[in-house]
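In what follows, a single structure is set out as structure tokens and then discussed.
Note that this is a predicted model, so its numbers are computed, not measured. Counting begins at 1 with the first residue of the sequence. Just follow the structure's listing: the first ligand is 1, and inside any ligand the first atom is 1. Both backbone and side-chain heavy atoms feed into the values below; hydrogens, waters and symmetry mates do not.
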Amino acid sequence: MNAAGTIVFNDVSKFYGEILGVNRVSLSIPPGITSLVGPNGSGKTTLMNLITGLLWPNDGSISVLGVSPRDAESLFRLVGYATQIDAFPRGARGRDFVVSYLRVHGYANDEAQRRADAALARLGLTEAGSRRIAGYSKGMRQRVKLAQAMAHDPRVLVLDEPLNGLDPLVRAEIIALLREWVDQGRHVIVSSHILHEVDLISDQVVLLNEGYVVAEGDIRGVRSEMRRHPLQVLIRCRQPGMLAARIFELDTVVEVKLHVDGGGLLVATRDPDRFYLSLNRIAVDHDLGLETVCPADDDVDAVYRYLIGGEEGS
Ligand code: ADP
């Protein structure tokens, strides 16, 4: 594929003073959903900031569909970025948050309003757009950031931990939206430190460790490794005992334990997708008041060690 259709890193290094951000990264990222995966501090955000022109490399060169990230104006048209930062201007309303971003980047008021409304509708925030973000749930805050990143219809979407803290229904909606986005030949780059999530959504994976790319490519290797390590899910709800009885029977569930604080369950599953679907159904049917559903996984470290160790041949 030619440079006009790919994101290319050519021997790129970024240091923060003495501290290594990423080192000698060479990558060629085709369209589709690409996940940057690695433990905290491995360089995911640094790579995203380099793609989006917020940082410049100390060495090497980057091309985003043929454009240099130093060409800020061209890059803005190509790229949308939702950072991990969960802070918003004081008193901001969802719609203004999206409109003002478009205005800063040169859209006339009418066009900015029209685009903001379309993006908010796409993310299911039409009604919420007129309310203050301060009153939004975590899922709505994630979605309004996504609306802002998508509103100018960029060809590359860069999303730092976009599924973090979302309940399973919203996760599924956002994954479907990203899939639809790349089905039109575009790029989505997401970061995640949750390997099971990556398994679910990615076409390609770039595995990072301590600033180095340790593996890259399609995700078959990651996927087969995933199946050997059941995912631990922490579920908090009003009636953990009742929920335990219901989900114990599911064939997707390997183990169910009451959390030590008595307020939730730890469930091990080898098929998180099907498990989440069943969980939603049970929660609605029995009015169990689901509060939190999130991966709670120590085993992921073991998978990393395996993947990283395998790459080094140890
Ligand atoms: P990740 O997103 O995978 O958690 P980062 O890209 O944020 O990783 O960080 C990679 C490395 O760069 C870490 O060692 C981190 O401490 C360091 N780093 C990131 N940003 C800065 C900064 N602004 N100043 C100094 N060090 C930084």
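- Side chains of N109 and Q113: a donor-acceptor N/O pair is present below 3.5 angstrom, by distance only.
- Taking a heavy-atom cut-off of under 4.0 Å, ligand 1 is surrounded by Y16, I19, L20, G21, P39, N40, G41, S42, G43, K44, T45, T46.
- Here salt bridge (charged side-chain N to carboxylate O under 4.0 Å, His left out) pairs that include residues 13-40, with residues two or more places apart or in two chains, are D11-R24.
- Listed for the N58 side chain is a donor-acceptor partner under 3.5 Å among the backbone atoms of F15.
- For the pair R179 and D203, the salt-bridge criterion is met [side-chain N within less than 4.0 Å of a carboxylate O].
- Ion pairing between K145 and D160 fails under the 4.0 Å rule for side-chain N and carboxylate O.
- Y276 and T269 are not linked by any side-chain donor-acceptor pair at a separation below 3.5 angstrom, with hydrogens and angles left out of the test.
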